[in-house]
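Everything on this sheet refers to the single structure shown next.
All values below were derived from every heavy atom in this structure, side-chain atoms included, with hydrogens, water molecules and symmetry-related copies excluded. Nothing fancy with the numbering, it's 1 onward along the sequence. Please read all numbers here as calculations on a predicted model, not as lab measurements.
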Amino acid sequence: MLTDRGILIFAQHDDQGIVEVIDDADTRSLYFGTRARQSSMSLRDPIALTLGYTRSMLAALLFRPEPRRVLMIGLGGGSLARFLLHHYPVLEIDCVESRTSVVELARRYFGLPQDARMTIHIGDGTQYVKNCRDRSYDLILIDAFDSSGVHPSVCEKEFHAACHRILGSGGVLSMNLWATPNASLKTVLGNLERGFAGQVLRLPVEQRANLIALGLEQSYTRHELKALREPARKLEQRLALNLPKQLRSLIHYNSALMRRFLDLRSA
């Protein structure tokens with residue numbers, strides 16, 4: 001069926017609302033009953049990250065370029081999972097998704113592979129993190145949205161403190177944020193900063209309302225971020241992600257925070 005967003009190829013209601021899959025030219029997208037795209041995939045190049053916010057979320061790789069264990073809260077169409085599984089052969093992923101229908105659609109319409117390196121848990125991501133006692137992660141990627149925006153369960157300071165607890169040495173949390181009535185950016189960022197002892201960098205997504213928040217297991221000064229330029233170039237060549245540009249944006253938008261880190265070390 002033709003709509004103003006493209007060709008509707010699948011739609012259903014589950015216990016959390018509407019789920020739709022729509023094709024528009026070369027792009028297939030997942031919607032949760034609103035005009036906001038939850039996930040998108042190029043039909044010509046399924047591995048590529050189509051949406052800018054997903055590329056920005058992987059700025060976390062600047063700090064942890066060779067992750068071995070990743071936790072994902074929210075699956076969507078599985079674009080981040082496909083990308084990481086493709087580029088990191090020894091990577092292991094735990095993914096927590098609350099909607100069985102989303103997992104089924106990711107497999108059926110978005111080419112999410114059946115891969116022994118990825119375990120999908122159906123349930124509440126916040127409870128998974130709080131109950132996690134036997135493992136740690138190099139990266140935690142949070143993209144937990146419903147039809148209203150960022151899911152409230154991933155906005156509480158207790159959740160962010162629990163995420164900090166299960167990060168390994170040098171680990172990074174990367175969270176996709178968007179101002180919504182149920183979860184203001186100021187509130188969520190404040191809770192995230194409390195959970196990470198203030199060690200949070202902000203990365204606005206170019207030409208979008210999204211903001212990526214990076215919770216760090218350690219602090220970085222401006223000089224230390226600049227030292228990541230050469231590793232960023234090497235990652236760009238390998239992954240086809242513009243990580244040097246992401247690094248420049250991180251330095252630009254977080255200069256005051258990095259000065260504070262430097263002052264604290266000098267005190």
[atom1] of [X] to [atom2] of [Y]: how many Å apart, nearest 0.5 Å?
X      : Y      : atom1 : atom2 : value
Glu92  : Leu85  : CD    : CG    : 10.5 Å
Asp26  : Leu43  : CG    : CG    : 5.5 Å
Ile251 : Gln246 : CD1   : CD    : 12.0 Å
Met118 : Asp115 : CE    : CG    : 8.5 Å
Leu139 : Met57  : CG    : CE    : 9.5 Å
Phe32  : Arg37  : CZ    : CZ    : 14.0 Å

Would you name the heavy atoms of [X] and [Y] that are closest together and state the gap between them?
X      : Y      : result
Ile166 : Leu71  : CD1-CD2, 3.9 Å
Ser101 : Gln12  : CB-NE2, 3.2 Å
Leu91  : Pro67  : CD1-O, 3.2 Å
Val154 : Phe159 : O-CD2, 3.5 Å
Leu62  : Ala232 : CD2-CB, 3.5 Å
Ser40  : Arg82  : O-NH2, 4.5 Å

Between the side chains of [Y] and [X], is the shortest nitrogen-to-carboxylate-oxygen separation below 4.0 Å, so that they form an ion pair?
X      : Y      : result
Arg99  : Asp14  : yes
Arg233 : Glu236 : no
Glu20  : Arg35  : no

Regarding Arg222 and the six-membered ring of Tyr253, is the cationic atom NZ or CZ under 6.0 Å from the ring centre and inside 45° of its axis?
no
What pairs meet the side-chain hydrogen bond (donor to acceptor under 3.5 Å, both in side chains) rule with one or both residues in residues 158-171, with sequence neighbours excluded?
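Sorted result for residues 158-171: empty, none.
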Which residue pairs pass the side-chain hydrogen bond (donor to acceptor under 3.5 Å, both in side chains) test with at least one member in residues 68-79, sequence neighbours excluded?
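Sorted result for residues 68-79: empty, none.
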So if you build clusters from Ile, Leu, Val, Met, Phe, Trp, Tyr with side-chain heavy-atom gaps below 4.5 Å, do [X] and [Y] land together?
X      : Y      : value
Leu8   : Val21  : no
Tyr31  : Leu112 : no
Phe110 : Ile18  : no
Leu2   : Ile22  : no
Met41  : Ile9   : yes

Quick one: does [X]'s side chain have a donor or acceptor within less than 3.5 Å of a partner on [Y]'s backbone?
X      : Y      : value
Ser39  : Gly76  : no
Asp143 : Met175 : no
Arg5   : Asp23  : no
Glu224 : Thr221 : yes
Thr50  : Ser42  : yes

Run the side-chain contact (heavy atoms from CB on, under 4.5 Å) test on Thr3 and Met1 for me, step by step, so that the C-alpha distance in whole Å, both residues' side-chain angles and the decisive distance to 0.1 Å come before the verdict.
CA-CA 7 Å; Thr3 75; Met1 182 176 75; 4.1 Å; yes
Determine whether [X] and [Y] make a side-chain contact, defined as any pair of heavy atoms from C-beta on separated by less than 4.5 Å.
X      : Y      : result
Leu80  : Phe83  : no
Leu167 : Val172 : no
Thr187 : Cys155 : no
Leu49  : Leu58  : yes
Leu173 : Leu214 : no
Val70  : Met72  : yes
Ile120 : Asp94  : no
Trp178 : Leu211 : no

Answer yes or no: does atom [atom1] of [X] have more than 12 heavy-atom neighbours from other residues, nucleotides or ligands under 6.0 Å?
X      : atom1 : value
Ile7   : CD1   : no
Arg107 : CZ    : yes
Lys130 : NZ    : yes

Checking [X] now: which residues fulfil side-chain hydrogen bond (donor to acceptor under 3.5 Å, both in side chains) with it, not counting sequence neighbours?
X      : value
Arg64  : Asp138
Asn254 : none
Arg55  : none

If you apply the rule side-chain contact (heavy atoms from CB on, under 4.5 Å), what do you find for Ile93 with Thr119, and how did you get there?
CA-CA 6 Å; Ile93 298 177; Thr119 303; over 6 Å; no
Starting from the C-alpha separation in whole Å, work towards a yes-or-no answer on side-chain contact (heavy atoms from CB on, under 4.5 Å) for Phe63 and Tyr220.
CA-CA 10 Å; Phe63 306 95; Tyr220 285 81; 3.4 Å; yes
Show the numbers, then the answer: is there a side-chain contact (heavy atoms from CB on, under 4.5 Å) between Tyr109 and Arg28?
CA-CA 8 Å; Tyr109 291 104; Arg28 175 166 293 171; 4.1 Å; yes
Side-chain donor-acceptor pairs under 3.5 Å in residues 195-206, sequence neighbours left out?
residue : atom : partner : partner atom : Å
Gln199  : NE2  : Leu216  : O            : 3.2
Arg202  : NH2  : Glu193  : OE2          : 3.0
Glu206  : OE1  : Lys245  : NZ           : 3.0
Glu206  : OE2  : Lys245  : NZ           : 3.2

